Structures are given as C-alpha cells and as structure tokens.
Number of protein chains: 2
Amino acid sequence: MSVQNGSQRPPRMEDVAKRAGVAIGTVSHVLNHPHKVRPDTLERVRSAIDELGFVPDRRARALAAGTSSVIGFVVVDLSNSFFLDMARGAEQEAQKHGMNVLLANSDVQAEKELVYMHLFDEERVAGILLAPLPTNADDVLSAGRWGRDVVVLNTVPGETDACCVTANNELGGYLAARHLIDTGRRALAFVGGPFSLSPVSDRFRGVERAVAESNGHVSLTTIKTANVQEVDGRKAGRQIAALDPGELPDGIVAAADLVALGIVQAFRTDGGPRVPADVSVIGYDNNRAAWDSDVPLSTVAQPGEEMGRAATRLLLEEIRSPGEHRHQRLHLEPTLIVRQSSTR
Amino acid sequence: MSVQNGSQRPPRMEDVAKRAGVAIGTVSHVLNHPHKVRPDTLERVRSAIDELGFVPDRRARALAAGTSSVIGFVVVDLSNSFFLDMARGAEQEAQKHGMNVLLANSDVQAEKELVYMHLFDEERVAGILLAPLPTNADDVLSAGRWGRDVVVLNTVPGETDACCVTANNELGGYLAARHLIDTGRRALAFVGGPFSLSPVSDRFRGVERAVAESNGHVSLTTIKTANVQEVDGRKAGRQIAALDPGELPDGIVAAADLVALGIVQAFRTDGGPRVPADVSVIGYDNNRAAWDSDVPLSTVAQPGEEMGRAATRLLLEEIRSPGEHRHQRLHLEPTLIVRQSSTR
DNA sequence: TTGAAAGCGATACCAC
DNA sequence: GTGGTATCGCTTTCAA
C-alpha cells in the first residue's frame with residue numbers, strides 16, 4: 001500500500017455533494033453547522049465524505065471565511081528548553097480554543113526571523129508569537145507593517161508597541177539569594193556572565209537586592225564568567241576552591257544550572273568545599289541536568305510554559321477584539337525549587 | 001506606532017492594480033514573471049505595492065496555482081538535538097528550492113502526531129516530513145489516505161510503503177568499538193540500555209561485530225542500564241570502579257554521551273580508572289555536553305542534518321515526479337569524532 | 001432544511 | 001506586453 005494517492009485530484013466538496021445527492025452548500029453546513037442539518041441528510045453526507053476520503057481544504061476555507069486556525073510561533077532557539085517550554089504552553093492554550101501552533105526555527109539568525117515573519121504574514125495566520133533575538137526585536141517589529149497581531153516573548157520591545165510576556169529574572173535572583181540567606185548563609189557569591197546579557201544582570205540585581213535587605217549581615221562577591229556553560233562553572237569552581245578558607249563563600253548563586261554543575265564538579269575534583277555541608281549552591285533554569293545530577297541541584301525554574309500560555313491568551317484576545325484591545329506587558333514569576341545542593 | 005493595522009482590510013491585488021493603473025493580471029505578472037513586464041510598468045506597480053504595503057496572500061496563491069511552498073515537519077521530540085538537527089538540515093535543503101519548513105511538535109504523543117498530520121494534510125502543504133514515535137509509525141501512516149507525499153525519518157515503516165531515512169546505528173557502534181580496538185584496547189565493555197530500544201541494540205550489534213572481527217583477541221562485557229541518562233552512567237561507572245583490577249575494561253563504549261559522562265564522573269569521584277590513561281571512553285550523539293566536558297569526550301556523531309537534507313531531497317523529488325518515483329530507504333552513516341577521552 | 005449564487009484573493013490562459 | 005476572465009475549493013447570504 002502506498003502512502004500517497006498518486007496524482008489523482010483529491011475529492012472536493014462538489015464530489016461529496018454529487019455523491020450524497022445534495023448541494024455543495026449543504027456539505028459545507030455539515031462541516032460547519034451540523035446541528036442545522038436534518039439527521040438523515042447529515043448521515044448521507046458524512047458517509048459520502050468517508051467513502052470518498054474527502055479532506056477539507058483549509059486554505060480555501062480560510063480564504064472564504066476570512067479566518068485561520070493556526071498561530072505561527074517564530075522561535076529564536078529551539079535547542080534551549082526554555083523556548084520549547086514556551087512552545088508547549090502556547091500549544092496548550094491554543095488547543096483549548098481550537099487553534100494550532102506551528103513553529104518556525106529562526107535559529108539565532110536575524111534574517112531567518114524576518115523570513116518567517118513574512119511567511120506567516122503571507123500565510124495569513126490568525127496571529128504571530130515572536131520570541132526574537134533580544135537585540136533584533138525592534139528591527140523585526142518595524143520591518144513590516146505586519147498585517148496580523150504579534151505578541152513578543154522574552155523581550156520587551158523598545159519603540160514598537162505590542163503585547164509582550166517576559167520572565168522576571170530579577171525576582172528569580174532575589175528568590176535564589178533569599179533562600180540561601182533564609183537557610184543561614186551569610187557569605188554569598190554570584191557566579192555568571194557576561195553581564196551584557198540582561199538575564200544575567202537582572203538575576204544579579206535580584207541577588208543584590210536580597211543582600212541589601214539584610215542590612216549588612218550578608219556579604220556578596222561576584223565572579224564573572226565568559227558564558228553560562230558548564231566549562232565556565234568549572235573554571236569559577238576551581239578559582240573558588242583555591243581561595244583562603246576564610247574567604248570561602250558559604251552560599252553560591254549561579255546564573256545558570258550548567259554553571260552551578262560545573263562549580264559542584266570542580267569542588268569535587270579539586271578538593272573544594274563540600275556541597276551542601278560547607279556551601280549551598282543554587283542554579284537557574286531547572287535543566288534536566290539539574291535534577292539528574294549527582295547532588296540534585298536547587299534551582300529557579302523559568303515560567304516557560306506559563307509564558308507561552310499567557311502570550312497565546314493575549315494574542316487571542318487581541319485577535320478577537322481588535323478595537324478595544326490595549327497592549328499589555330506581562331512579567332511572570334519564576335519558581336524556587338529546593339533540592340539537595342542547598343539543604344544542610 | 002502599533003504593530004498592527006487594526007481591523008482595516010489588507011490591500012489586495014485589485015487595489016494595487018487600480019493604483020498603478022493596470023489590470024490585476026499584470027500585477028500578478030509583476031510578482032511571478034517580472035521579466036515579462038515592461039520596465040516602467042514594473043516600476044509603477046512595484047511602487048504601488050510599496051505605498052499600499054501590499055502583502056500577497058499565499059493561501060489564495062496556492063489555491064489558484066495548486067502549489068504550496070511549505071513543507072510540514074512533524075517532530076516527535078524537539079528537546080532531542082538529534083531531531084532539531086534534522087529540522088535544520090531539512091530547512092537548508094528546502095531553502096535551496098525556495099521552500100519553507102514549518103515544525104509541529106508532537107512531543108512524544110501519538111495523538112498529537114495524528115493531529116498535526118491532519119493539519120498539514122488539510123493545509124495542503126507541498127509534502128510532509130515525519131519523524132514519528134517508532135512504535136507508532138505504521139498507525140500514523142495508515143491512519144489517513146494522506147493526500148500528500150510523506151517521507152519518514154528515523155524509523156523504517158513496516159507495512160506501509162514510503163521513503164524513509166535512518167541513521168546507521170550498527171555502523172556507529174562498530175566505528176566506536178573499532179576505534180578503541182585500533183588504539184590498542186583489548187578488554188571492551190558496552191554500557192547502555194534498555195536493549196528494547198533499537199538504537200541501543202543496533203549500536204551494541206555494531207560493537208559485537210567489531211569484536212568478532214578481532215578473532216578472539218578482544219573481549220566484550222555488557223553492562224545494561226535502565227536508560228541512557230547521566231545518572232545511569234554514574235551507576236554503571238561505580239559498578240565498574242568496584243571491579244577487581246584484573247577485570248577492569250580498558251575500553252568503554254557507551255550507548256550515549258550522557259552515559260559516558262556519568263561513567264567518567266563516577267570514575268573521578270569513586271577512584272576508578274583514569275580516563276584516558278587506564279581506560280578509553282567513547283560516547284554517542286555528539287552532545288554539547290560531550291565536547292564541553294572536563295575530559296572532552298570522543299563520540300559518534302549522528303547524521304542528523306544530513307538526514308534532514310536527504311529526506312527533503314527525497315520528498316521534493318517525489319513531489320515533482322509523482323509517476324516515476326520509486327520509494328527509497330536511505331541509511332546514513334554516523335561520524336567518528338575522536339577527542340581526549342580515547343587518546344592516550 | 002436545502003439549493004443557488006456571489007464572493008474570498010490570487011493564477012493563468014487567451015485575446016488584443 | 002497587457003487586459004479580461006474562468007478557475008481554485010470553500011463559506012455564507014438569500015430565496016425557495
């Protein structure tokens with residue numbers, strides 16, 4: 001058996017109508033307003049559909065009805081589970097409203113971002129979700145007079161006006177530091193970089209705020225890394241392990257789980273302080289690697305799915321009431337997850 | 001400035017035609033056969049397009065022309081970089097031919113696989129790439145009389161006839177083992193599981209073949225794990241570290257990079273053999289974690305992008321010559337990547 | 001309830 | 001080259 005029908009023209013409504021002995025409009029009614037059709041006609045049309053293997057053409061339907069059931073999601077980096085979570089959330093919410101989400105991977109390339117925005121625009125999708133390159137957001141948004149509604153994820157557009165949904169990284173940093181302080185840690189260290197990345201600097205600011213709230217009872221040192229990979233963490237970990245015992249921090253906030261893992265690993269290998277006996281370590285992102293690691297890692301979970309759901313909700317609302325809709329900026333809260341690495 | 005035009009009807013060809021003082025057919029020509037239009041007319045129409053911000057409607061175009069420029073890719077697990085690589089490859093190849101790839105994340109759920117297959121079918125995409133749940137492939141393929149061509153990735157459909165592209169895992173296992181043997185290792189161990197997963201058992205068979213070729217000069221032991229995560233590797237690593245010195249393997253083939261990483265980590269922590277001095281370790285998949293690790297990991301790289309490219313090539317060929325096309329089964333070769341963990 | 005016909009926004013063929 | 005027009009497959013209004 002072949003998967004494909006070959007070059008045979010797929011059956012149309014006209015064929016179904018003929019076979020069921022009804023008019024074409026009636027077939028349409030069966031598909032869209034079944035309750036307005038007499039039961040036996042319904043039955044007759046439906047079996048005709050089955051027998052012919054009729055598959056409605058969504059393009060034609062959308063064209064005629066002026067509506068679409070697909071939402072396009074342009075994603076900057078699908079290899080980052082944060083964005084994949086957003087996609088999942090978007091899908092969940094969309095599905096609730098009978099809509100579908102199709103993904104376009106812009107793969108950290110500004111040009112592809114534009115290409116896919118245009119594609120979705122020309123495809124006349126119901127609306128567009130855009131998780132852009134942070135630096136590129138305004139360019140993309142102002143590049144076209146986009147004919148459809150756009151909701152931006154993970155970035156706050158500057159000049160351009162649009163709904164956007166972001167994660168509160170400052171709060172995440174605060175929660176992490178606060179947790180360490182609440183469990184008795186007094187000498188904190190923040191490890192991460194580069195600070196030009198706003199997620200990193202935002203998290204750092206949150207840490208600073210928590211420390212400031214302690215009125216001088218807690219100290220904070222900063223160890224900058226080139227990036228937020230495991231290798232950066234290992235480097236920093238060795239650096240810390242080499243410190244004078246009196247200078248050792250007893251609580252470490254890493255800008256990302258991979259960094260935290262690298263630190264823990266370096267401590268083990270190079271005879272640094274014990275985790276969590278001597279030092280608490282907390283990461284960020286809730287990577288699989290975090291809970292799967294040898295010492296399960298405390299972390300701050302990004303509200304990825306929630307962001308996807310919220311963005312989709314905003315988008316659908318905007319689509320439905322084009323007139324009265326007011327753009328919103330949502331700032332969603334991350335969640336503290338306590339595991340072994342910060343439990344004495 | 002707002003991103004959206006509000007509820008204004010987007011300009012159509014008719015509007016452009018009127019503004020440029022030409023017929024609607026001419027506008028179409030400007031878009032599709034610019035060389036057949038007199039330069040000054042071209043210019044006039046183009047500026048009308050710009051001024052009005054006209055964006056062609058792909059649905060209408062596709063409907064009228066009976067063609068589509070989008071390829072739908074139903075992906076079982078986007079969180080696995082192997083599949084994301086396929087998507088990248090597909091995109092590259094598609095782009096060469098003026099086509100676009102849109103992704104649907106079925107997220108390891110059989111139902112969603114079907115939902116998206118139907119969506120693409122009804123959207124009348126040019127063709128569909130399907131990376132299915134291996135167990136679900138035949139069900140999906142035979143579920144609908146799919147109106148469009150389908151190429152299957154990473155799974156060989158059983159009953160159903162269709163093009164498919166898979167990775168040669170047996171060869172990968174062979175290459176890995178062969179590499180260890182070629183560099184002087186004689187007591188090999190294979191670590192991985194569950195063997196019910198064909199990638200695992202295929203890789204194991206490849207290892208067996210390499211060992212068999214050595215005519216008894218090389219030994220092989222097997223350590224089964226529950227899964228192919230880092231935690232499974234750590235467990236196995238401790239198990240190995242606890243062996244009598246005489247029973248220690250000097251070469252380990254792990255079924256996946258994470259497993260290999262876990263092993264290396266366990267060796268360090270629990271005082272096992274040194275890598276690579278006492279024992280070579282090689283993983284599989286070429287994860288980022290593999291080259292980023294403390295001891296950069298030798299591995300076998302899956303031909304993900306290549307699979308995506310090949311599948312797209314097959315798909316386009318099938319679309320173009322529906323008559324003469326013969327289904328093909330491609331089995332692509334992985335690549336050995338030697339790093340420090342297997343270099344004495 | 002069902003049928004007939006006018007769009008939806010483009011393409012492509014055939015005259016001029 | 002350019003203009004008119006049938007057509008793509010479906011929705012929806014209006015009569016019957």
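The shown structure was predicted, so the numbers you read here are calculated from the model rather than taken from an experiment. Numbered from 1 within each chain, the chains take letters A, B, ... in sequence-line order.
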Quiz item: Can you find a pair of side-chain heavy atoms, one from A:Phe73 and one from A:Glu91, that are under 4.5 Å apart?
Solution: no
Practice problem: Figure out the CG/C1' separation between B:Leu52 and C:dG9, and round it to whole Å. | Solution: 15 Å
Quiz item: Within this structure, what is the CG-to-P distance between B:Leu31 and C:dT11, rounded to whole angstrom?
Solution: 6 Å
Exercise. Taking only the side-chain heavy atoms of B:Val37 (C-beta and beyond), determine which of D:dC10, D:dT2, C:dA10 contains the nearest atom.
Key: D:dT2
Quiz item: Which is true for B:Gly66 with a 4.0 Å heavy-atom rule: it touches a base, it touches only sugar-phosphate, or it touches nothing?
Solution: nothing
Exercise. Kindly point out which of C:dA10, D:dG3, D:dT12 is positioned nearest to the side chain of B:Pro56?
Key: C:dA10
Quiz item: Under 4.0 Å between a side-chain N/O of B:Thr41 and OP1 or OP2 of D:dT2, yes or no?
Solution: yes
Quiz item: A:Leu63 has a side chain; which of D:dC10, C:dC8, C:dT11 sits nearest to it?
Solution: C:dC8
Quiz item: In whole angstrom, what separates A:Glu14's CD from D:dT11's P?
Solution: 14 Å
Quiz item: What's the CE-P distance between A:Met13 and C:dG3, to the nearest Å?
Solution: 14 Å
Quiz item: If you pin B:His35 and B:Ala60 to their nearest nucleotides in DNA chain D, which one's is more 5'?
Solution: B:His35
Exercise. With the side chain of B:Ala64 defined as its heavy atoms from C-beta on, choose the nearest nucleotide among D:dT11, C:dA10, D:dC10.
Key: C:dA10
Quiz item: Rounded to the Å, how far apart are B:Glu122 CD and D:dG9 P?
Solution: 15 Å
Exercise. Begin from the C-alpha positions of B:Asp85 and B:Arg88 and carry the test salt bridge (charged side-chain N to carboxylate O under 4.0 Å, His left out) through to its verdict.
Key: CA-CA 5 Å; B:Asp85 283 342; B:Arg88 287 205 184 89; 3.1 Å; yes
Quiz item: Side chain of B:Arg38: nearest nucleotide among D:dT11, D:dT2, D:dT5?
Solution: D:dT2
Exercise. Ignoring backbone atoms, test whether B:Asn32 places a side-chain nitrogen or oxygen under 4.0 Å from the OP1 or OP2 oxygen of C:dA12.
Key: no
Self-check item: Sugar-phosphate, base or nothing in reach of B:Val22, heavy atoms under 4.0 Å
Solution: sugar-phosphate
Exercise. Classify the side-chain pair A:Glu113/A:Asn136 by whether it contains a donor and acceptor separated by less than 3.5 Å.
Key: yes
Exercise. Could you pull out the closest heavy-atom pair between A:Val74 and A:Ser106, with the gap in Å?
Key: CG1-CB, 4.1 Å
Quiz item: Between A:Ile24 (CD1) and D:dG9 (P), how many Å, whole number?
Solution: 10 Å
Quiz item: Rounding to a whole Å, what distance do you find between A:Asp57:CG and D:dT7:P?
Solution: 18 Å
Self-check item: Rounded distance (nearest 0.5 Å) linking atom CD of B:Glu93 with atom CZ of B:Arg313
Solution: 4.5 Å
Quiz item: Hey, are the side chains of B:Val125 and B:Leu102 touching, using non-hydrogen atoms and a 4.5 Å cut-off?
Solution: no
Exercise. May I ask you to verify if any side-chain N or O of B:Thr26 is less than 4.0 angstrom from the OP1 or OP2 atom of D:dT2?
Key: no
Practice problem: Check whether any side-chain N or O of A:Arg61 sits under 4.0 Å from OP1 or OP2 of D:dC10, and answer yes or no. | Solution: no
Practice problem: Would you indicate which nucleotide in D:dT5, D:dC10, D:dG3 comes nearest to any side-chain atom of A:Arg12? | Solution: D:dC10
Quiz item: What's the CG-C1' distance between B:Asp40 and D:dT2, to the nearest Å?
Solution: 12 Å
Quiz item: Does B:Ala65 or B:His29 map to a spot on DNA chain D nearer the 5' end, using the closest nucleotide for each?
Solution: B:His29
Self-check item: Under 4.0 angstrom between A:Arg59 side-chain N/O and D:dC8 OP1 or OP2
Solution: no
Self-check item: From C:dA12, C:dA10, D:dC8, nucleotide with atom closest to B:His33 side chain
Solution: C:dA12
